[in-house]
Amino acid sequence: MSDLASNVTWQGILRETQAGDIPHCRAIASPLKWHEEIYTTLAKIIIGEFNTSNPDLLIAGTLEKAPNIDECRQLIEDIALKPLGKTQRRFGVINRADKLLLPAANSLLKLAEEPPEYASLLFLMEDGRLFLPTLRSRSRFSVLISEEKSESYGMPAKISEWIDWLAGKKKGTQAEEVIQDLEAWANFAVNNGDFVRAERVYRLKLIAEKKNLSVPMLCDMILLTLREENIDIDDIFNDFW
């Protein structure tokens, strides 16, 4: 079993897809080493096979390079054609979506918002922070976390432990120290099989790395979202994506 196959978030995506819950627009941030396996596996489910000569499989860009605006326009034109395969669906893959230049990314906005009813788009990227927010808002977004991590320790559990953690983030603390904690907490969650919490913490790490928040505000947000599990991270951080 590959590292990807054992990833709980990926297993959830597969269950959705196999059950016919296929969004018109899906975005996945993951380590680059998983990208090819992701789109080949989804292609086999959505259009019945992975074959680059299949006219219902449309791939823009490569594993090394995002598509340019001409390639994006070609994808838009091709995906508008009627599907020919047995599943009666067309599957479009946009590689390295976090590296799209703004004109190329903007050219895909209308397609992402109003794709043909038989079309499914997949945006693949390494860094979800760099994905155009207007495309992200039109996509079902998932983050897949690799288990190949180093430092690992548990996040605070009791309120007294959270108070101690906050007290340790005194004036002069750098955002990198908070990011280090978040990464270690995510690793700890992965090592203990708590992949839901791991993804939650990892997405906070992406926010922290953008450095749009001061360290005190970031710490407050971390406390709010990790102690109160019912609070949706996207609702709080929507403006920072």
Side-chain angles (χ1 to χ4, degrees), residues 9-10 12-13 16 21-32 34-35 38-39 42 58-61 63 65-73 75-76 79 91-116 119-145 175-176 178-179 182-183 186 196 198-215 217-222 224-226 228 230-241:
T9 303
W10 172 241
I13 292 172
E16 291 175 358
D21 181 8
I22 303 172
H24 286 305
C25 192
R26 183 186 287 281
I28 297 177
S30 83
L32 181 61
W34 289 345
H35 286 195
I38 288 171
Y39 72 68
L42 291 178
L58 307 166
I59 301 177
L63 293 173
K65 187 177 180 182
N68 59 33
I69 190 168
D70 289 334
E71 292 173 289
C72 290
R73 286 172 175 164
L75 172 67
I76 295 167
I79 209 164
F91 183 45
V93 179
I94 299 90
N95 282 302
R96 307 308 297 265
D98 50 340
K99 302 293 185 182
L100 284 166
L101 295 180
L102 188 57
N106 282 335
S107 73
L108 295 168
L109 285 175
K110 183 171 177 58
L111 178 62
E113 185 169 17
E114 300 177 355
S120 179
L121 293 176
L122 172 65
F123 290 92
L124 275 174
M125 68 207 74
E126 281 191 285
D127 192 341
R129 299 168 300 168
L130 302 179
F131 189 39
L132 188 68
T134 46
L135 282 174
R136 185 182 186 279
S137 67
R138 292 161 169 79
S139 307
R140 188 181 299 180
F141 183 77
S142 300
V143 178
L144 307 185
I145 306 164
E176 285 73 16
V178 180
I179 293 168
L182 289 169
E183 183 168 359
V196 173
E199 181 177 1
R200 192 177 181 86
V201 175
Y202 184 77
R203 291 171 74 185
L204 279 168
K205 177 176 175 285
L206 295 181
I207 294 294
E209 288 173 338
K210 291 191 71 173
K211 299 181 181 178
N212 286 352
L213 297 172
S214 66
V215 170
M217 185 180 294
L218 178 61
C219 289
D220 287 344
M221 289 294 187
I222 289 171
L224 176 64
T225 55
L226 293 184
E228 302 294 336
N230 62 320
I231 294 178
D232 191 288
I233 293 174
D234 285 337
D235 288 344
I236 293 177
F237 293 119
N238 186 57
D239 291 340
F240 296 96
W241 286 108

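On a predicted model such as this, the values are computed, not experimentally measured, just so you know.
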TODO: To the nearest 0.5 Å, tell me how far Leu204 CG sits from Leu218 CG.
DONE: 8.0 Å
TODO: Check Ser139 against Ala27 and note the closest heavy-atom contact, atom names and distance.
DONE: CB-CB, 3.8 Å
- [ ] Starting at CG of Leu42, measure out to CG of Leu124 and round the result to the nearest 0.5 Å.
- [x] 8.0 Å
Task: Sub-4.5 Å side-chain heavy-atom contact between Ile94 and Leu100 - done: yes
Task: Straight-line distance of Leu135 CG to Met125 CE, nearest 0.5 Å - done: 8.5 Å
Open item on the list: Between Ile38 and Ile13, is there a side-chain heavy-atom distance shorter than 4.5 Å?
Closed with: no
Task: Any donor-acceptor N/O pair, Arg26 side chain to Ser142 backbone, under 3.5 Å - done: no
Task: Residue pair Ile79 / Leu111, side-chain heavy-atom distance below 4.5 Å - done: yes
- [ ] To the nearest 0.5 angstrom, please state how far the CZ atom of Arg203 sits from the CG atom of Leu182.
- [x] 13.5 Å
Open item on the list: Run Leu132 and Leu109 through side chain to side chain contact (heavy atoms under 4.5 Å, CB included) and show every step you take.
Closed with: CA-CA 10 Å; Leu132 188 68; Leu109 285 175; 4.3 Å; yes
TODO: Could you pull out the closest heavy-atom pair between Leu75 and Ala60, with the gap in Å?
DONE: CD2-CB, 4.3 Å
TODO: Check for a donor-acceptor pair, side chain of His35 on one end and backbone N or O of Asn95 on the other, with a separation under 3.5 Å.
DONE: no
Open item on the list: Looking at Leu63, is its backbone amide N or carbonyl O close enough to the side chain of Arg96 to form a donor-acceptor pair, meaning the two atoms are under 3.5 Å apart?
Closed with: yes
Task: Any donor-acceptor pair under 3.5 Å from Ser120 side chain to Pro23 backbone - done: yes
TODO: Could you tell me whether the side chain of Asp98 and the main chain of Leu130 form a donor-acceptor pair under 3.5 Å?
DONE: no
Task: Donor-acceptor under 3.5 Å (Glu71 side chain, Asn68 main chain) - done: yes
Open item on the list: Tell me the closest heavy-atom pair linking Ala208 and Ile179, and the distance in Å.
Closed with: CB-CG1, 3.7 Å
Open item on the list: Quick check for you: to the nearest 0.5 Å, what is the distance between Thr225 atom OG1 and Asp220 atom CG?
Closed with: 10.5 Å
Open item on the list: Taking the side chain as everything from C-beta on, heavy atoms only, tell me whether Cys219 gets closer than 4.5 Å to Val178.
Closed with: yes
Open item on the list: With a 4.5 Å cut-off on side-chain heavy atoms, are Phe123 and Ile28 touching?
Closed with: no
Open item on the list: Whether the side chain of His24 engages the backbone of Ala112 through a donor-acceptor N/O pair (distance < 3.5 Å, no angle test) should be reported.
Closed with: no
Task: Atom pair CD (Glu209) and CD (Glu183), whose distance is rounded to the nearest 0.5 Å - done: 8.0 Å
Task: Non-hydrogen atoms of Val215 and Ala175 that approach each other most closely - done: CG2-N, 3.7 Å
TODO: Show your reasoning for whether side chain to side chain contact (heavy atoms under 4.5 Å, CB included) applies to Leu58 and Val93.
DONE: CA-CA 6 Å; Leu58 307 166; Val93 179; over 6 Å; no
Task: For Ile76 against Ser107, the heavy-atom pair lying closest together - done: CD1-O, 3.1 Å
Open item on the list: Could you check whether Arg136 makes a cation-pi contact with Phe131, meaning its NZ or CZ is under 6.0 Å from the centre of the six-membered ring and within 45° of the ring axis?
Closed with: no
- [ ] Mind listing the closest non-hydrogen atom pair of Thr9 and Val143 along with its distance?
- [x] CG2-O, 3.8 Å
TODO: Run the salt-bridge test on Lys99 and Glu126 with the 4.0 Å N-O cut-off and return the result as yes or no.
DONE: no
Task: Side-chain donor or acceptor of Arg138 paired with backbone N/O of Thr134 under 3.5 Å - done: yes
